[in-house]
K.L.:
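Quick one: the structure is below, and I'll ask about it shortly.
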Amino acid sequence: MADNTKSSMSFLAHIGELRGHLVRSILSIVITSIAVAIYWDELVEHVIMAPLKSTFPTFDIFNQFGELTGFGKIYTESFDISKELTNLNPSGQITSQFFAVIVCGVIIAIPYIIFEIWRFVKPALKEAERKYAGFTIFAVSFFFVTGVLFSYYMLLPLCTQFLFTYDPFGVGNTWTLPSYIDLFVQLLLSMGVMFLMPVFVYFLTSIGILTPKFLKEYRKHAFIVVLVIAAAITPNDVYSMVLVTIPLWLLYELSVLVSNSVYKKQLKAKSNDLVKN
(Lines give C-alpha, C1' and ligand atoms only; values in the text may rest on other atoms or scores of the structure.)
Protein backbone atom coordinates (compact mmCIF):
# COMPACT_ATOMS: atom_id res chain seq x y z
CA MET A 1 0.00 0.00 0.00
CA ALA A 2 2.82 2.34 0.89
CA ASP A 3 4.60 1.57 -2.39
CA ASN A 4 1.44 2.31 -4.37
CA THR A 5 1.01 5.62 -2.59
CA LYS A 6 4.64 6.54 -3.25
CA SER A 7 4.30 5.68 -6.96
CA SER A 8 1.05 7.63 -7.16
CA MET A 9 2.60 10.68 -5.53
CA SER A 10 5.62 10.39 -7.83
CA PHE A 11 3.34 10.32 -10.88
CA LEU A 12 1.34 13.30 -9.60
CA ALA A 13 4.58 15.16 -8.92
CA HIS A 14 5.65 14.61 -12.53
CA ILE A 15 2.26 15.82 -13.77
CA GLY A 16 2.57 18.93 -11.63
CA GLU A 17 6.07 19.57 -12.92
CA LEU A 18 4.91 19.10 -16.52
CA ARG A 19 2.08 21.54 -15.93
CA GLY A 20 4.59 24.15 -14.73
CA HIS A 21 6.67 23.78 -17.88
CA LEU A 22 3.55 23.96 -20.07
CA VAL A 23 2.32 27.08 -18.28
CA ARG A 24 5.68 28.83 -18.72
CA SER A 25 5.79 27.81 -22.38
CA ILE A 26 2.30 29.16 -22.98
CA LEU A 27 3.19 32.38 -21.16
CA SER A 28 6.23 32.79 -23.42
CA ILE A 29 3.96 32.46 -26.47
CA VAL A 30 1.55 35.01 -24.99
CA ILE A 31 4.39 37.48 -24.35
CA THR A 32 5.91 37.09 -27.82
CA SER A 33 2.45 37.31 -29.41
CA ILE A 34 1.76 40.56 -27.57
CA ALA A 35 5.10 41.91 -28.82
CA VAL A 36 4.11 40.88 -32.35
CA ALA A 37 0.73 42.60 -31.97
CA ILE A 38 2.40 45.82 -30.78
CA TYR A 39 4.54 45.94 -33.92
CA TRP A 40 1.75 44.66 -36.16
CA ASP A 41 1.98 47.39 -38.81
CA GLU A 42 5.71 46.83 -39.30
CA LEU A 43 5.18 43.05 -39.32
CA VAL A 44 2.56 43.24 -42.06
CA GLU A 45 4.54 45.62 -44.24
CA HIS A 46 8.02 44.16 -43.87
CA VAL A 47 7.38 40.47 -43.11
CA ILE A 48 3.97 39.02 -43.97
CA MET A 49 3.26 40.90 -47.22
CA ALA A 50 6.89 41.42 -48.28
CA PRO A 51 7.26 38.10 -50.21
CA LEU A 52 4.34 39.17 -52.44
CA LYS A 53 6.24 42.14 -53.87
CA SER A 54 8.84 42.27 -56.65
CA THR A 55 11.08 44.32 -54.32
CA PHE A 56 11.61 41.25 -52.10
CA PRO A 57 15.35 40.34 -51.96
CA THR A 58 14.78 36.84 -53.36
CA PHE A 59 13.58 38.14 -56.72
CA ASP A 60 16.53 40.53 -56.97
CA ILE A 61 18.97 37.69 -56.24
CA PHE A 62 17.41 35.51 -58.96
CA ASN A 63 17.60 38.42 -61.40
CA GLN A 64 21.28 38.93 -60.61
CA PHE A 65 21.90 35.21 -61.01
CA GLY A 66 20.12 35.26 -64.38
CA GLU A 67 22.29 38.12 -65.60
CA LEU A 68 25.49 36.43 -64.44
CA THR A 69 24.58 33.20 -66.25
CA GLY A 70 23.52 34.98 -69.44
CA PHE A 71 19.80 34.27 -69.17
CA GLY A 72 18.92 37.85 -68.33
CA LYS A 73 16.49 38.98 -65.66
CA ILE A 74 14.01 36.28 -64.66
CA TYR A 75 11.48 38.66 -63.09
CA THR A 76 11.31 41.58 -65.49
CA GLU A 77 7.98 43.13 -64.44
CA SER A 78 7.26 44.77 -61.10
CA PHE A 79 4.34 43.36 -59.13
CA ASP A 80 2.62 43.63 -55.78
CA ILE A 81 0.30 40.68 -55.19
CA SER A 82 -0.64 42.01 -51.75
CA LYS A 83 -2.79 44.68 -53.44
CA GLU A 84 -4.72 41.94 -55.25
CA LEU A 85 -5.81 40.15 -52.07
CA THR A 86 -9.47 40.34 -51.14
CA ASN A 87 -11.56 39.36 -48.14
CA LEU A 88 -14.94 37.64 -48.61
CA ASN A 89 -15.59 36.68 -45.00
CA PRO A 90 -16.85 39.31 -42.50
CA SER A 91 -14.53 37.92 -39.82
CA GLY A 92 -11.76 36.98 -42.26
CA GLN A 93 -9.41 39.81 -41.36
CA ILE A 94 -9.83 39.33 -37.61
CA THR A 95 -9.20 35.58 -37.72
CA SER A 96 -6.29 36.01 -40.15
CA GLN A 97 -4.64 38.62 -37.92
CA PHE A 98 -5.11 36.52 -34.79
CA PHE A 99 -3.76 33.43 -36.56
CA ALA A 100 -0.71 35.29 -37.87
CA VAL A 101 0.04 36.88 -34.49
CA ILE A 102 -0.09 33.54 -32.65
CA VAL A 103 2.03 31.68 -35.21
CA CYS A 104 4.68 34.43 -35.30
CA GLY A 105 4.67 34.40 -31.49
CA VAL A 106 5.23 30.62 -31.48
CA ILE A 107 8.12 30.88 -33.94
CA ILE A 108 9.84 33.54 -31.83
CA ALA A 109 9.25 31.59 -28.61
CA ILE A 110 10.52 28.25 -29.97
CA PRO A 111 14.00 28.43 -28.34
CA TYR A 112 12.48 29.02 -24.90
CA ILE A 113 9.85 26.29 -25.42
CA ILE A 114 12.63 23.84 -26.30
CA PHE A 115 14.48 24.95 -23.17
CA GLU A 116 11.42 24.14 -21.04
CA ILE A 117 11.05 20.72 -22.68
CA TRP A 118 14.70 20.03 -21.95
CA ARG A 119 14.27 21.03 -18.30
CA PHE A 120 11.42 18.52 -18.00
CA VAL A 121 13.27 15.54 -19.50
CA LYS A 122 16.67 16.40 -17.98
CA PRO A 123 16.18 14.52 -14.65
CA ALA A 124 15.59 11.28 -16.57
CA LEU A 125 18.86 11.58 -18.50
CA LYS A 126 22.29 10.33 -17.60
CA GLU A 127 25.04 12.72 -16.58
CA ALA A 128 26.84 12.25 -19.88
CA GLU A 129 23.65 13.11 -21.81
CA ARG A 130 23.03 16.26 -19.76
CA LYS A 131 26.32 17.72 -20.95
CA TYR A 132 24.79 18.16 -24.40
CA ALA A 133 21.95 20.36 -23.15
CA GLY A 134 23.23 23.52 -24.78
CA PHE A 135 24.02 21.74 -28.03
CA THR A 136 20.56 20.12 -28.14
CA ILE A 137 18.73 23.40 -27.60
CA PHE A 138 20.93 25.08 -30.20
CA ALA A 139 20.50 22.25 -32.75
CA VAL A 140 16.71 22.14 -32.50
CA SER A 141 16.43 25.92 -32.62
CA PHE A 142 18.92 26.16 -35.50
CA PHE A 143 17.25 23.58 -37.73
CA PHE A 144 13.74 24.85 -37.01
CA VAL A 145 14.64 28.48 -37.68
CA THR A 146 16.61 27.45 -40.79
CA GLY A 147 13.52 25.67 -42.12
CA VAL A 148 11.37 28.71 -41.44
CA LEU A 149 13.87 31.03 -43.14
CA PHE A 150 14.21 28.73 -46.15
CA SER A 151 10.44 28.66 -46.52
CA TYR A 152 10.16 32.42 -46.09
CA TYR A 153 12.96 33.48 -48.44
CA MET A 154 12.73 30.72 -51.06
CA LEU A 155 9.56 28.69 -51.03
CA LEU A 156 6.96 31.33 -50.16
CA PRO A 157 7.93 34.13 -52.60
CA LEU A 158 8.69 31.84 -55.55
CA CYS A 159 5.58 29.71 -55.10
CA THR A 160 3.19 32.62 -54.59
CA GLN A 161 4.54 34.49 -57.61
CA PHE A 162 4.34 31.39 -59.80
CA LEU A 163 0.88 30.34 -58.66
CA PHE A 164 -0.58 33.84 -58.92
CA THR A 165 0.74 34.48 -62.43
CA TYR A 166 0.04 30.98 -63.74
CA ASP A 167 -3.04 31.49 -65.90
CA PRO A 168 -3.39 28.85 -68.66
CA PHE A 169 -7.13 29.58 -69.12
CA GLY A 170 -6.77 33.34 -69.28
CA VAL A 171 -9.28 34.06 -66.52
CA GLY A 172 -6.94 35.61 -63.94
CA ASN A 173 -6.43 34.64 -60.30
CA THR A 174 -8.14 36.14 -57.27
CA TRP A 175 -6.78 35.28 -53.84
CA THR A 176 -8.39 35.92 -50.48
CA LEU A 177 -6.48 37.17 -47.46
CA PRO A 178 -7.29 34.10 -45.30
CA SER A 179 -6.08 31.74 -48.03
CA TYR A 180 -2.73 33.53 -48.24
CA ILE A 181 -2.32 33.60 -44.44
CA ASP A 182 -3.08 29.87 -44.35
CA LEU A 183 -0.42 29.30 -47.01
CA PHE A 184 2.04 31.55 -45.14
CA VAL A 185 1.58 29.64 -41.89
CA GLN A 186 1.49 26.20 -43.52
CA LEU A 187 4.76 26.65 -45.40
CA LEU A 188 6.69 28.24 -42.54
CA LEU A 189 5.67 25.80 -39.80
CA SER A 190 5.78 22.65 -41.91
CA MET A 191 9.27 23.39 -43.23
CA GLY A 192 10.43 24.35 -39.74
CA VAL A 193 9.34 20.95 -38.43
CA MET A 194 10.66 19.02 -41.45
CA PHE A 195 14.10 20.60 -41.04
CA LEU A 196 14.29 18.90 -37.64
CA MET A 197 14.83 15.57 -39.42
CA PRO A 198 18.54 15.28 -38.45
CA VAL A 199 17.66 15.94 -34.81
CA PHE A 200 14.94 13.27 -34.81
CA VAL A 201 17.32 10.79 -36.44
CA TYR A 202 19.99 11.61 -33.85
CA PHE A 203 17.69 10.72 -30.95
CA LEU A 204 16.17 7.66 -32.65
CA THR A 205 19.64 6.32 -33.35
CA SER A 206 20.74 7.09 -29.79
CA ILE A 207 17.95 4.93 -28.34
CA GLY A 208 18.50 2.13 -30.84
CA ILE A 209 15.41 2.51 -33.03
CA LEU A 210 17.29 3.59 -36.16
CA THR A 211 20.63 2.50 -37.63
CA PRO A 212 22.63 3.98 -40.52
CA LYS A 213 22.32 0.60 -42.28
CA PHE A 214 18.53 0.85 -42.21
CA LEU A 215 18.58 4.41 -43.57
CA LYS A 216 20.94 3.41 -46.39
CA GLU A 217 19.05 0.25 -47.37
CA TYR A 218 15.71 2.05 -47.54
CA ARG A 219 17.05 5.15 -49.28
CA LYS A 220 14.81 4.60 -52.34
CA HIS A 221 11.75 4.16 -50.15
CA ALA A 222 12.71 7.27 -48.22
CA PHE A 223 12.79 9.27 -51.45
CA ILE A 224 9.17 8.28 -52.14
CA VAL A 225 8.24 9.33 -48.60
CA VAL A 226 10.01 12.67 -49.13
CA LEU A 227 8.01 13.21 -52.33
CA VAL A 228 4.75 12.43 -50.52
CA ILE A 229 5.63 14.82 -47.68
CA ALA A 230 6.62 17.53 -50.16
CA ALA A 231 3.30 17.12 -51.96
CA ALA A 232 1.38 17.23 -48.66
CA ILE A 233 2.93 20.41 -47.21
CA THR A 234 3.00 22.50 -50.39
CA PRO A 235 0.36 23.89 -52.76
CA ASN A 236 -0.81 21.45 -55.42
CA ASP A 237 1.81 22.19 -58.07
CA VAL A 238 5.00 20.48 -59.25
CA TYR A 239 7.03 23.70 -58.94
CA SER A 240 6.55 23.93 -55.17
CA MET A 241 7.01 20.20 -54.76
CA VAL A 242 10.45 20.29 -56.41
CA LEU A 243 11.54 23.28 -54.30
CA VAL A 244 10.70 21.35 -51.13
CA THR A 245 11.97 17.94 -52.25
CA ILE A 246 15.56 19.11 -52.84
CA PRO A 247 16.30 20.42 -49.31
CA LEU A 248 14.38 17.56 -47.68
CA TRP A 249 16.46 15.00 -49.55
CA LEU A 250 19.66 16.82 -48.59
CA LEU A 251 18.46 16.70 -44.98
CA TYR A 252 17.88 12.97 -45.31
CA GLU A 253 21.45 12.48 -46.52
CA LEU A 254 22.65 14.62 -43.61
CA SER A 255 20.56 12.45 -41.28
CA VAL A 256 22.35 9.34 -42.62
CA LEU A 257 25.70 10.93 -41.72
CA VAL A 258 24.40 11.90 -38.27
CA SER A 259 23.09 8.39 -37.64
CA ASN A 260 26.37 6.88 -38.79
CA SER A 261 28.34 9.14 -36.43
CA VAL A 262 26.14 8.26 -33.44
CA TYR A 263 26.27 4.56 -34.25
CA LYS A 264 30.08 4.55 -34.44
CA LYS A 265 30.30 6.28 -31.06
CA GLN A 266 27.97 3.66 -29.57
CA LEU A 267 30.08 0.82 -30.96
CA LYS A 268 33.25 2.47 -29.62
CA ALA A 269 31.70 2.89 -26.17
CA LYS A 270 30.64 -0.77 -26.12
CA SER A 271 34.08 -1.96 -27.14
CA ASN A 272 35.67 0.17 -24.40
CA ASP A 273 33.28 -1.36 -21.83
CA LEU A 274 34.23 -4.88 -22.98
CA VAL A 275 37.92 -4.07 -22.66
CA LYS A 276 37.42 -2.72 -19.12
CA ASN A 277 35.44 -5.80 -18.11
K.L.:
Under a 3.5 Å threshold, yes or no: a donor from one side chain and an acceptor from the other, between Ser25 and Ser28?
P.N.:
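No, Ser28 and Ser25 have no side-chain donor paired with an acceptor closer than 3.5 Å.
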
K.L.:
How many angstroms lie between CD in Glu116 and CG in Leu22, if you round to the nearest 0.5 Å?
P.N.:
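Atom-to-atom, Glu116:CD and Leu22:CG are 9.0 Å apart.
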
K.L.:
Inspect the contact between Lys53 and Glu45 and indicate whether a charged nitrogen and a carboxylate oxygen are less than 4.0 angstrom apart.
P.N.:
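Yes, charged N to carboxylate O under 4.0 Å.
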
K.L.:
When you check the side-chain N and O atoms of Glu67 and Asn63, is any donor under 3.5 Å from an acceptor?
P.N.:
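Checked: Glu67/Asn63 side chains show no N/O donor-acceptor pair below 3.5 Å.
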
K.L.:
Flag yes if more than 12 heavy atoms outside Tyr112 fall under 6.0 Å of its OH atom; otherwise flag no.
P.N.:
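For Tyr112, atom OH is crowded (more than 12 foreign heavy atoms under 6.0 Å).
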
K.L.:
State the CG-OG distance between Leu257 and Ser261, to the nearest 0.5 angstrom.
P.N.:
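Reported value, rounded in 0.5 Å steps: 9.0 Å.
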
K.L.:
Apply ring pair (Phe, Tyr, Trp, His ring centres under 6.0 Å) to residues Phe115 and Trp118 and explain how you reach the verdict.
P.N.:
CA-CA 5 Å; Phe115 173 69; Trp118 176 261; 9.4 Å; no

K.L.:
With rounding to the nearest 0.5 Å, note down the distance linking CG in Asp80 to OG1 in Thr55.
P.N.:
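With rounding to 0.5 Å, CG (Asp80) is 7.5 Å from OG1 (Thr55).
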
K.L.:
How about CD1 on Ile94, more than 12 heavy atoms from neighbouring residues, nucleotides or ligands closer than 6.0 Å, or not?
P.N.:
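It does not: Ile94 CD1 has 12 such atoms or fewer within range.
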
K.L.:
Check whether any side-chain heavy atom of Tyr153 sits under 4.5 Å from a side-chain heavy atom of Ile61, and report yes or no.
P.N.:
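Side-chain contact under 4.5 Å: no.
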
K.L.:
To the nearest 0.5 Å, what is the distance between CD1 (Ile31) and CD1 (Ile26)?
P.N.:
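Going from CD1 on Ile31 over to CD1 on Ile26, the span is 12.0 Å.
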
K.L.:
Is there side-chain contact between Met194 and Leu248, with at least one heavy-atom pair below 4.5 Å?
P.N.:
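Counting from C-beta outward, Met194 and Leu248 do come under 4.5 Å.
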
K.L.:
Quick one: are the ring centres of Phe56 and Tyr152 less than 6.0 Å apart?
P.N.:
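They qualify: ring centres under 6.0 Å apart.
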
K.L.:
If you measure from OH on Tyr180 to OG on Ser96, what distance do you get to the nearest 0.5 Å?
P.N.:
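The distance works out to 11.5 Å.
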
K.L.:
More than 12 heavy atoms of other residues, nucleotides or ligands under 6.0 Å from CD of Glu77: is that the case?
P.N.:
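Atom CD in Glu77 is not packed in, count stays at 12 or less.
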
K.L.:
Checking side-chain contact (heavy atoms from CB on, under 4.5 Å) against Met191, which of Leu149, Val148, Ile233, Leu156 comes through?
P.N.:
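Answer after filtering Leu149, Val148, Ile233, Leu156: Ile233.
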
K.L.:
Nearest 0.5 Å, what's the OG-CG distance between Ser255 and Leu215?
P.N.:
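If we round to the nearest 0.5 Å, Ser255:OG and Leu215:CG are 7.5 Å apart.
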
K.L.:
Less than 6.0 Å separating the ring centroids of Tyr252 and Phe223?
P.N.:
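Not close enough - the centres of the two rings lie 6.0 Å or further apart.
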
K.L.:
Walk me through it: do Phe150 and Phe195 pass the test ring pair (Phe, Tyr, Trp, His ring centres under 6.0 Å)?
P.N.:
CA-CA 10 Å; Phe150 170 81; Phe195 266 58; 5.8 Å; yes

K.L.:
Report the C-alpha distance between Phe59 and Phe79 in whole Å, list the side-chain angles of each, state the deciding distance to 0.1 Å, and finish with yes or no for ring pair (Phe, Tyr, Trp, His ring centres under 6.0 Å).
P.N.:
CA-CA 11 Å; Phe59 299 116; Phe79 56 86; 5.1 Å; yes

K.L.:
Mind checking whether Asn89 and Asn87 have side chains closer than 4.5 Å, heavy atoms only?
P.N.:
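They are in side-chain contact.
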
